Amino acid sequence: MSFASLGLADALLRAVADVGYTDPTPIQKQAIPAVLEGRDLLAGAQTGTGKTAGFVLPILQRLMTSPPQGKRAIRVLILTPTRELAAQVEESVRDYGKYKKSSVAVIFG
């Protein structure tokens, strides 16, 4: 199974290739279709198994296929338990979304 077979847009496939991913991990194979269908997702796996890409890639895909409701509307909020993880997720969103027009910010509180 490839990332293309999961139904991701060409811009996302290019970004995935740029970061060196060739085949989706088991958690990505399960998570990406579920999120693309708009279903809720609760997943747990060891560090380094691709959980972030498993939810970020389909979120970016859904953002690309649905128009924004307002000019500067916040469309996605990702909460993390630590500042370090928030920074890592923000970097992943930038990496995977680099071929689509969007903005991302990390906020610590």
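Not measured: the values here are computed from a predicted model.
The existence of a salt bridge linking Asp23 and Lys29 is excluded, since no basic side-chain nitrogen approaches an acidic carboxylate oxygen closer than 4.0 Å.
Without hydrogens or angle criteria, Glu37 side chain to Ala34 main chain gives no donor-acceptor distance under 3.5 Å. Between the side chain of Ser66 and the backbone N or O of Arg62, at least one donor-acceptor pair lies under 3.5 Å.
Shortest non-hydrogen contact noted between Thr49 and Ile27 is O-CG2, 3.5 Å. Of all heavy-atom pairs spanning Gly54 and Ala31, the tightest one is O-CB, 3.7 Å. Here the closest heavy-atom approach between residue Tyr21 and residue Ala53 is recorded as CE1-CB, 4.3 Å. For the pair Pro33 and Leu6, the tightest heavy-atom approach, listed with the atom from each and the gap, is CG-CD2, 4.0 Å. When all heavy atoms of Arg83 and Phe108 are compared, the pair lying nearest together is O-CE2, 3.2 Å. Nearest heavy-atom pair across Met64 and Ala9 is CE-CB, 3.6 Å.
With rounding to the nearest 0.5 Å, the separation of CE in Met1 from CD1 in Ile32 is 9.5 Å. Separating the CG atom in Leu8 from the CD atom in Gln28 is a distance of 9.5 Å, to the nearest 0.5 Å. In this structure, OG1 on Thr80 lies 9.0 Å from CD1 on Ile78, to the nearest 0.5 angstrom. The OG1 atom of Thr22 lies 7.5 Å from the CZ atom of Phe3; values are rounded to the nearest 0.5 Å.
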Quiz: residues 100-107 side-chain donor-acceptor pairs under 3.5 angstrom, not counting sequence neighbours:
none

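Inter-residue side-chain proximity for Val56 and Ile59 is flagged as unmet; no heavy-atom pair is nearer than 4.5 Å.
For the residue pair Tyr99 and Asp18, a side-chain donor N or O sits within less than 3.5 Å of a side-chain acceptor on the partner.
Ile74 and Leu60 fall into different hydrophobic clusters, where Ile, Leu, Val, Met, Phe, Trp and Tyr side chains are chained together by heavy-atom contacts under 4.5 Å.
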